[in-house]
Amino acid sequence: MSDLRVRFAPSPTGTLHIGGARTALFNYLLARKEQGTYVLRIEDTDVARSTQESVDAILDAMHWLGLSCDEGPFYQSDRFDLYKQKVQQLLDEGKAYRCYCTQEELDAKREAAMKAGGKPKYDGTCRNRTDSPDQPYVVRFRLPSDDGVTTFVDRIKGKISIRHEELDDLIIQRTDGTPTYNFVVVVDDAEMGMTLVIRGDDHINNTPRQILLYEALGYPVPDFAHVPMILGADKKRLSKRHGATSVMDYQKMGYLPEAMVNYLVRLGWSCGDEEIFSMAELIDKFTLENVGKSAGVFNPDKLLWLNTHYIKNGDPERLAGLLEEFLEMKGIDYAAGPDLVAVVKSLQERAATLVQMADGAAFYFSADLEFDEKTRSKFLTEENREIFQLISDNLSACQDFNEAALENAFAKILEETGLKFGKVAQPLRAALTGGSASPGIYEVLAVLGKERALKRIQRAMEQLS
RNA sequence: GUCCCUAUCGUCUAGCCUGGUCCAGGACACCGCCCUUUCACGGCGGCGACGGGGGUUCGAAUCCCCCUGGGGAUGCCA
């Protein structure tokens with residue numbers, strides 16, 4: 001074990017989405033690589049917006065992606081006593097104070113400051129109050145110095161400085177007594193011993209004030225690594241209006257977790273010209289140094305391509321297991337066969353998603369296929385009766401119903417009749433699959449097996465016109 | 001408005017730190033050809049970028065400055 005401790009800290013106000021998943025992935029990879037510790041913390045201090053449903057959705061997604069944590073999940077809602085105590089500590093030390101300004105007053109001041117072209121920050125009205133009126137109040141953290149500069153060296157972005165004049169006394173405890181994000185994140189990251197905080201770069205602006213808080217609380221300041229945001233095709237922050245952004249939406253659409261992981265990691269990180277990475281390779285190769293600094297656009301096409309790759313190269317047994325759910329969703333009863341693994345093998349190069357694979361597999365499990373008009377008029381014709389009979393006879397005579405034997409049988413037919421392969425194969429394909437697009441004809445035959453194949457040819461012959 | 005971050009093909013990126021080997025490499029998408037029993041897979045090829053302007057230098061995608069574009073923050077959300 002190294003002493004690296006990182007965490008992923010989502011707030012449970014929705015599902016885990018693409019951006020969060022990537023942040024979690026980076027944390028996970030670095031922890032595994034450095035043999036550090038990866039902690040999961042649920043940031044649910046906003047009690048009104050946090051739901052158990054969201055927590056479950058996030059946990060599900062993490063599990064699906066294979067990002068298991070070493071510690072946690074911890075819930076901030078369980079730690080309010082600790083935060084209270086820390087607020088009190090700052091109050092006692094004079095590093096924080098009660099502010100009695102109302103929301104309305106604050107809003108008005110902000111607006112006025114904006115209008116005057118100034119910075120919309122708290123004016124310090126209650127900073128030096130000595131009375132303590134019996135009114136609702138918030139607790140504000142007093143800026144240690146009004147004219148200094150806080151600088152930190154981000155592990156991804158490099159040196160970042162903010163002048164204190166840009167900051168103001170931030171609220172650390174609300175009127176209702178609950179603590180705010182910028183405060184609890186510091187207390188927790190410190191108390192949980194985080195040595196490195198990897199998070200989205202929308203938090204960069206918060207970092208200097210958090211550093212001030214670490215110092216005020218007497219905590220060591222961790223390292224920071226701010227990863228760039230993910231944008232939609234219009235370069236706007238990725239959101240629902242860009243389509244599916246929830247990780248589990250992709251599971252439902254038939255994507256494989258390894259495709260999602262591979263896609264996510266390459267959005268903002270690279271390793272020379274390499275594109276395909278297994279989790280094990282990522283753990284070996286991932287470094288913060290190769291994470292880019294600029295925001296990236298989410299590209300569904302590339303994700304699809306990766307999914308195609310992983311389906312094509314995936315273990316058929318595993319894929320068969322995953323496919324069941326999608327077959328069931330389409331109301332396909334696959335229990336009576338043909339063998340699901342054989343079905344998968346015949347479809348691996350033809351499906352980009354498990355949904356597509358289920359679509360392509362449907363014909364295998366349908367005893368009485370529906371023929372559309374086009375297929376009927378083109379292939380199920382009286383002129384083809386002889387061909388069907390010939391195929392049927394030859395197939396009946398086939399001892400081994402494997403691809404090699406079938407190929408031989410067909411060679412014989414073609415030789416005897418002088419017909420071109422397509423002349424024979426397409427009508428047969430129609431009889432077997434109900435359409436004109438399918439896996440290789442020998443493959444279909446072999447997967448179906450002799451009995452089913454013959455039955456389908458028979459049935460087609462009954463419908464010639 | 002102000003502050004912070006950022007800037008190579010349409011998109012993800014390599015190269016930038018340690019200037020010349022870059023008339024800029026890979027991948028996705030797109031287009032064409034080949035393979036072919038259908039649909040696919042695959043193979044080959046094509047299209048396509050250093051945002052603009054100043055410097056520094058014999059030489060800049062690479063270093064410096066300005067501008068512009070994009071993102072973020074500016075909450076008693078996280």
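So that the names make sense, note that chain A is the first sequence line, chain B the second, and so on, each numbered from 1. As the structure is a computational prediction, the values presented were derived from the model and not from experiment.
Taking only distance into account, the side chain of A/Glu274 never meets the base of B/G26 through a donor-acceptor pair shorter than 3.5 Å. Side-chain N/O atoms of A/Asn299 and base N/O atoms of B/A29 include no donor-acceptor pair closer than 3.5 Å.
For the OP1/OP2 pair of B/G75 and a distance below 4.0 Å, the side-chain nitrogens and oxygens of A/Arg110 include at least one atom meeting the criterion. Between A/Lys159 and B/C5 there is no side-chain polar atom (N or O) within less than 4.0 angstrom of OP1 or OP2. Dashed line: the shortest gap from a side-chain N or O of A/Lys119 to OP1 or OP2 of B/C3 is not under 4.0 Å. The phosphate of B/C4 (OP1 or OP2) has a side-chain N or O of A/Arg163 nearer than 4.0 angstrom.
Taking the six-membered ring where tryptophan is involved, the planes of A/Tyr137 and A/Tyr100 are tilted, since the angle between them lies from 30° to 60°.
Put simply, CG on A/Leu303 is 19 Å from P on B/A27, counting in whole angstrom units. If you measure from atom CH2 of A/Trp269 to atom C1' of B/A14, you get 13 Å, rounded to the nearest angstrom.
Across all strands shown, A/His203 has heavy atoms under 4.0 Å from base atoms, whether or not it also approaches the sugar-phosphate. Within the nucleic acid shown, A/Asp301 comes within 4.0 Å of sugar-phosphate atoms alone, with no base atom in reach, counting heavy atoms only. As judged by a 4.0 angstrom heavy-atom cut-off over every strand, A/Glu166 is placed among residues touching the sugar-phosphate backbone only. No engagement by A/Lys121 is indicated, since no non-hydrogen atom pair under 4.0 Å with the nucleic acid exists. Heavy atoms of A/Ser161 sit under 4.0 angstrom from primed sugar atoms or phosphate atoms, though from no base atom. Base contact: A/Thr175 has a heavy atom under 4.0 Å from a base atom.
Across B/C12, B/A73, B/C4, the shortest atom-to-atom separation from the side chain of A/Ile204 is found for B/C4. Looking at the side chain of A/Ile160, the nearest of the listed nucleotides B/G70, B/C4, B/G26 is B/C4. Closest to the A/Arg237 side chain, of the nucleotides B/G71, B/C5, B/A7, is B/G71.
Between the side chain of A/Asp189 and the backbone N or O of A/Met194 there is no donor-acceptor pair closer than 3.5 Å.
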Identify each atom pair where a protein N or O and an N or O of nucleotides 44-52 of chain B are less than 3.5 Å apart, giving names and distance.
none

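Taking the C1' atoms as reference points, B/G10 lies 24 Å from B/C33, given to the whole Å. When the P atom is used for both B/G51 and B/G25, the distance is 16 Å, rounded to whole Å. Comparing the P positions of B/G32 and B/C39 gives an interatomic distance of 15 Å, to the nearest angstrom. Taking atom C1' in both B/G52 and B/A7, the straight-line distance is 12 Å, to the nearest Å. Nucleotides B/C22 and B/G15 have their P atoms positioned 15 Å apart, rounded to a whole Å.
Considering only heavy atoms from C-beta on, A/Asn394 stays 4.5 Å or farther from A/Phe410 through its side chain.
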Original post:
What does nucleotides 37-42 of chain B look like as a protein-contact string, B for base, S for sugar-phosphate only, - for none, at under 4.0 angstrom between heavy atoms?
Top reply: BBBBSS
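Remark: A/Arg7 does not engage A/Asp188 in a salt bridge, criterion side-chain N to carboxylate O under 4.0 Å. One finds a salt bridge joining A/Lys86 and A/Glu191 here, because a Lys/Arg side-chain nitrogen approaches an Asp/Glu carboxylate oxygen to under 4.0 Å. With respect to the salt-bridge test (charged N to carboxylate O, under 4.0 angstrom), the residues A/Asp81 and A/Lys84 do not qualify.
The one candidate from A/Arg142, A/Arg110, A/Arg140, A/Arg209 that meets the salt bridge (Lys or Arg N to Asp or Glu O under 4.0 Å) condition with A/Asp168 is A/Arg209.
Base orientation of B/C16: anti (glycosidic angle beyond 90° from 0).
When only modelled atom types and interatomic distance are considered, A/Tyr181 and A/Asp46 share no side-chain donor-acceptor pair under 3.5 Å.
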